[in-house]
Amino acid sequence: DAGVTQSPTHLIKTRGQQVTLRCSPKSGHDTVSWYQQALGQGPQFIFQYYEEEERQRGNFPDRFSGHQFPNYSSELNVNALLLGDSALYLCASSYSGGPYQPQHFGDGTRLSIL
Amino acid sequence: TQLLEQSPQFLSIQEGENLTVYCNSSSVFSSLQWYRQEPGEGPVLLVTVVTGGEVKKLKRLTFQFGDARKDSSLHITAAQTGDTGLYLCAGAGANSKLTFGKGITLSVRP
């Protein structure tokens, strides 16, 4: 039973470019959340997708957008990249997204901005 | 703004020692979760606590949730080198949005 898978594992971009990160949830999970983890910090909530719609959003600018597909997989898009966007981007999946549902995390995509 | 503060930020101990670390919240969450994260990997869920005063044990790890559901502690008995990692606590709000603390970096020396 595959867990949460993310691709790519590492990515290097330059300022101003755009990037797309991908996530496949754990089998049986229908809710996908994205988090940004800067070096030495805990993860910060970006947004959550359920039934192909953004259900909740954290304190991130509109440059961060996402999508969920009918098979529950998800993409995170970031436009006009800034140096401060360098971080580990984590995807987490759960079933129906209730507060007591365990969330399973992928190993993340390490994004470096030059 | 809901905040979670974890202490201490860094801890280095000898194998075999006991330790306790803390997670304190400025507000009440629906549940509180503890994760462990190793370098290059995503966080792995250790435990979820829901009820005030709840105590859960996972082998040598004991988790306690405060009566007011705003603070939690993690106690490790006879630490092993395999316990080394970043320990994160997270409060779960509506629809499972997680608010994380900054984490506690634990190093267990052989």
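Worth knowing before you read on, the calculation uses all heavy atoms, side chains too, and leaves out hydrogens, waters and symmetry mates. This is a predicted model, so every value here is computed, not measured. Proteins get letters first, then strands, A, B, ... in listed order; numbering begins at 1 in each.
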message = Heavy-atom count check: over 12 atoms from other residues, nucleotides or ligands less than 6.0 Å from B:Glu5 CD?
response = no

ask   = Among A:Pro43, A:Gly42, A:Gly108, which has the most heavy-atom pairs under 4.5 Å with chain B?
value = A:Pro43

inquiry  = If you compare all heavy atoms of B:Gly42 against all heavy atoms of A:Asp107, which two are closest, and at what distance to 0.1 Å?
reply    = N-OD1, 3.0 Å

query = Shared ILVMFWY cluster between B:Leu61 and B:Val47, side chains joined below 4.5 angstrom?
reply = yes

ask   = How about A:Leu90 and B:Pro43: do any of their side-chain heavy atoms sit closer than 4.5 Å?
value = yes

request  = Evaluate whether atom CG of A:Asn71 has more than 12 neighbouring non-hydrogen atoms of other residues, nucleotides or ligands under 6.0 angstrom away.
outcome  = yes

request  = Report, as yes or no, whether the 6.0 Å neighbourhood of atom OH on A:Tyr72 holds more than 12 heavy atoms from other residues, nucleotides or ligands.
outcome  = no

key: Expected output: side-chain A:Tyr35 to main-chain B:Phe100 donor-acceptor under 3.5 Å   = no

key: Flag if over 12 foreign heavy atoms under 6.0 Å of CG, A:Leu114   = yes

query = So what's closer than 4.5 Å to chain A heavy atoms on B:Glu41: side chain, backbone, both or neither?
reply = both

query = Considering only heavy atoms, which portion of A:Gln6 lies under 4.5 Å from any heavy atom of chain B: side chain, backbone, both, or neither?
reply = neither

query = For the atom pair CD (A:Gln44) and NZ (B:Lys102), what is the distance rounded to the nearest 0.5 Å?
reply = 9.5 Å

note = Under 4.5 Å to a heavy atom of chain A? For B:Leu98 that would be both

query = Would you say the side-chain atoms of A:Gln37 and B:Gln37 include a donor-acceptor pair closer than 3.5 Å?
reply = yes

key: Proximity breakdown for A:Gln56 and chain B, heavy-atom pairs closer than 4.5 Å   = side chain

query = Just wondering, are more than 12 heavy atoms of other shown residues or ligands nearer than 6.0 Å to CD in B:Gln14?
reply = yes

Over 12 foreign heavy atoms within 6.0 Å of CZ, A:Arg15 = no

